[in-house]
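A short worksheet on the structure shown next.
When reading the values below, keep in mind they use all heavy atoms of this one structure, side chains included, and skip hydrogens, waters and symmetry mates.
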Number of protein chains: 2
Amino acid sequence: MNLKQLSELLGLSQTTVSRALNGYPEVNEATRERVLQAVKETGYRPNKAAQRLATGKAGSIGLVMPTAPDHYSDVHFGEFLTGLGEEAVRHDFHFVIMPADPNDEVGALRRLAISGNVDALFVAYMRGHDPRLPMLKSLSMPFLVHGRSIGSEPDYPYLDIDNEAAFYDAARLLLQLGHTRFALLNGPGHLDFAIRRKNGLVAALSERGLSLPEDCVSHTSMTDELGQTAMERFLQMPERPTAILCSSTVLALGAIRAVNQAGLKLGEDISLIAHDDVLPHLKPENFSVPLTTTRSSLRAAGVRIAQRLIGTVKQEGPFPEQELWKTELIVRASTGPAPRDQNLGGV
Amino acid sequence: MNLKQLSELLGLSQTTVSRALNGYPEVNEATRERVLQAVKETGYRPNKAAQRLATGKAGSIGLVMPTAPDHYSDVHFGEFLTGLGEEAVRHDFHFVIMPADPNDEVGALRRLAISGNVDALFVAYMRGHDPRLPMLKSLSMPFLVHGRSIGSEPDYPYLDIDNEAAFYDAARLLLQLGHTRFALLNGPGHLDFAIRRKNGLVAALSERGLSLPEDCVSHTSMTDELGQTAMERFLQMPERPTAILCSSTVLALGAIRAVNQAGLKLGEDISLIAHDDVLPHLKPENFSVPLTTTRSSLRAAGVRIAQRLIGTVKQEGPFPEQELWKTELIVRASTGPAPRDQNLGGV
DNA sequence: TGCATCTGTCAAAGCGCTTTGGAACGACAT
DNA sequence: ATGTCGTTCCAAAGCGCTTTGACAGATGCA
């Protein structure tokens, strides 16, 4: 069943049927009803390829999935994708995924853009001075960045969370509790969010005249395994840190294992605040000692980004070009006053 | 630049240019060269939407990504996707991903099929009596299954590994080494591969008159965390098992942590064989005690499946409808003779 | 030389939709 | 009656490609 047949069936022109279906105003409500009814009965579905050719819109957004022999496919990516997808399905959009080596992200992105299969691009895992940004700007295709790129002119559309503020606030809380020795379990050092979180922590510390020794910072992929290893190293330091900031609840999972194995008590000997992306299988309140967290839902970000991107393609704007979401600091049991004995040397 | 302009530029008809580009034989080689040269110079790219409308082929394969509030997005899925993508890119295919609740897989698959965005479907995470199978067969769209569905008529195209044989062989090796008390760290119990692996183990055991107690089987998602928990339970049993079969190196990772924490020696007190999907960041030879494994590359399976699916769409067949890959049993240090003292009560 | 057969090319007809530029009609005011 | 709108609908022209059917011109065989 195609439009022509349907219109003949109804004794209407293709124009009218098309307009009825696409919600144009210049069609009688009674006629529209009749059309809609016929669609239901016949099961007519417009041909996507034809629509696409006629409108020039593919109804899809493209993204590059970083992948390589040594690449961790991490849960955060999957969670974000879920949000993106939820919203896309709602609008009958789909997304096209191009897997690519992380070293060839620029090329992959360009290929995706000129492939003609997508209307818009989505980009994540931003780095400082990200080379994809100039390329994206040179393309005449809408795009949206999740995160930001420190060192780049901030003249591109993005959605990010306020990573500096999140870790600044978290650090302030721990400082108020009397902690002076901090350590940071961070994500990969070249990624923007990791840089900013570190900056937030450093800023809070320097307000108190404190600094963050380099050996108290760990940059790794965000798996619990690596979180554990890094934490073990921290715990073996002669003057071990009492306050830990952690870029993911996944890292925290491993870190806490290390704390337990060292026979230390979380929330007493060691205070820990993790950033919580609201991963469904890793709820901070379900940890044996519930985790104090900075929270911002990754999935919600995915939904919002899809909304904006799809809206832009459909020209339903205007959307704010740049959004910076605040995180929530939620205090649970993993934070407590700095242990006395260790705090004597402090400020 | 479109075909019409290009053909005018060359003083040829659209027909000839189109044929030159698509490798049809009825065009002079010299002419073809000239066309190809012009394409290079002008940067002409055929419009995908128009091609699609004219040919009826979308150049894409569709798949459903299981996702839900409580769903683990696991590394195995990502790894497989990578293989799929690698091959797709090579053929200028893309894949369309529809996220869906695992409880609505059938509906999601149907929606994807009728959306008109895909030429073929790929399906994984097969269950016993999988309800998607009858639906897929009713569709007139090529599809390919990764895995099989025990309890369903095996009349659908699939690619699977011989899970029974893998775990049968693994179990035999351990039996030959004198082990009599087995435990199984398996994937989710409703999934076909898990069922078959258990069957393989049970078959090997029953040949020796042994059985597998229900409390020696653990069915969980395949994360190291859950592997550890399950293994801890096994180790606390009064007559603890000495031979462990493990459905993933990810599970093994956790399991081994439990073994170490119990102060036991892998390959001496406990022998363990894991199935190795050849995950890039988890090489069995890099474990502190290198792991004996049954091996079959998930990524390679992805590549092969993409090949077959794309070939089918392009009508380049014939491909074998059903492929069953043998796994390799690779002996490393995590397997050894059953400990004497514990083995006295055995066969 | 005549006739059949290839070769290389082309014009034109789709593919199924959207959208432009009217046109028919009744209502309303002049 | 005439002109002006607004409403509701339509015919036809694309969108950019593939593919069918036909046709010159070259070639082979008798």
Practice task
Would you mind classifying the nucleic acid contact of G116(A) as base, sugar-phosphate or nothing, using non-hydrogen atoms under 4.0 angstrom?
Solution key: nothing
Fill in the blank from the handout: Ranking dG16(C), dC17(D), dC9(D) by distance to the side chain of N2(A), first place goes to dG16(C)
Problem - Side chain of Q51(A) (C-beta onward), nearest among dC10(D), dT18(D), dC17(C) - result: dC17(C)
Fill in the blank from the handout: Quick note, N28(B) side chain, CB onward, closest among dT18(D), dA11(D), dT9(C) is dT9(C)
Practice task
Please determine, for the side chain of L12(B), which listed nucleotide (dG16(D), dC17(C), dC10(C)) has the closest atom?
Solution key: dC10(C)
Exercise for the section: Specify the separation, in whole Å, of atom OH of Y44(B) and atom P of dC17(D). Expected result: 3 Å
Handout entry: Rounded distance [0.5 Å steps], CG in L133(A) versus OG in S149(A)
Key = 5.5 Å
Exercise for the section: Map L53(B) and V17(B) onto DNA chain C by nearest heavy atom, then report which one ends up closer to the 5' terminus. Expected result: V17(B)
Problem - Rounded interatomic separation in angstrom, taking NZ from K4(A) and C1' from dT18(C) - result: 16 Å
Exercise for the section: To the nearest Å, give me how far apart CD (Q5(A)) and P (dC15(C)) are. Expected result: 10 Å
Exercise for the section: Using only side-chain N and O atoms of N22(A), determine if any of them is under 4.0 Å from OP1 or OP2 of dT18(C). Expected result: yes
Handout entry: Side-chain ion pair, D104(A) and R111(A), N-O less than 4.0 Å
Key = yes
Handout entry: Closest listed nucleotide, where the reference is the side chain of A50(B) and the choices are dC17(D), dG16(C), dT9(C)
Key = dC17(D)
Exercise for the section: Give the nucleotide from the list dT19(C), dC10(C), dG16(C) with an atom nearest to the side chain of S18(A). Expected result: dT19(C)
Practice task
Among the candidates dG16(D), dT18(C), dT18(D), find the nucleotide nearest to the side-chain atoms of L3(A).
Solution key: dT18(C)
Problem - Closest to side chain of R19(B), choosing from dT9(C), dT20(D), dT19(C) - result: dT20(D)
Problem - Separation of dC17(D) C1' from R52(A) CZ (nearest whole Å) - result: 13 Å
Practice task
Take the protein atom CD of E29(A) and the nucleotide atom C1' of dT8(D), then report the distance between them rounded to whole Å.
Solution key: 12 Å
Exercise for the section: Could you tell me whether R308(A) and E87(A) make a salt bridge, using a distance below 4.0 angstrom between a side-chain N and a carboxylate O? Expected result: no
Problem - Basic-acidic side-chain contact under 4.0 Å: D119(A), R52(A) - result: no
Problem - N/O (side chain, Y24(B)) to phosphate O (OP1/OP2, dT20(D)) under 4.0 Å - result: no
Exercise for the section: Kindly compute the distance separating OG1 (T312(A)) from CZ (F143(A)), expressed to the nearest 0.5 Å. Expected result: 11.0 Å
Handout entry: Aromatic Y158(B) / basic R148(B) pairing, under 6.0 angstrom, 45° off normal
Key = yes
Handout entry: Distance-only donor-acceptor test, T15(A) side-chain atoms vs dT19(C) base atoms, 3.5 Å
Key = yes
Handout entry: Separation of atom CD in E26(A) from atom P in dA23(C), rounded to whole Å
Key = 17 Å
Problem - Interatomic distance, L10(A) CG vs dC10(D) P [rounded to whole Å] - result: 10 Å
Fill in the blank from the handout: note: R45(A), atom CZ; dC17(C), atom P; distance rounded to Å ~ 12 Å
Problem - Which nucleotide in dC10(C), dT18(C), dG16(D) has an atom nearest any side-chain atom of T16(B) - result: dC10(C)
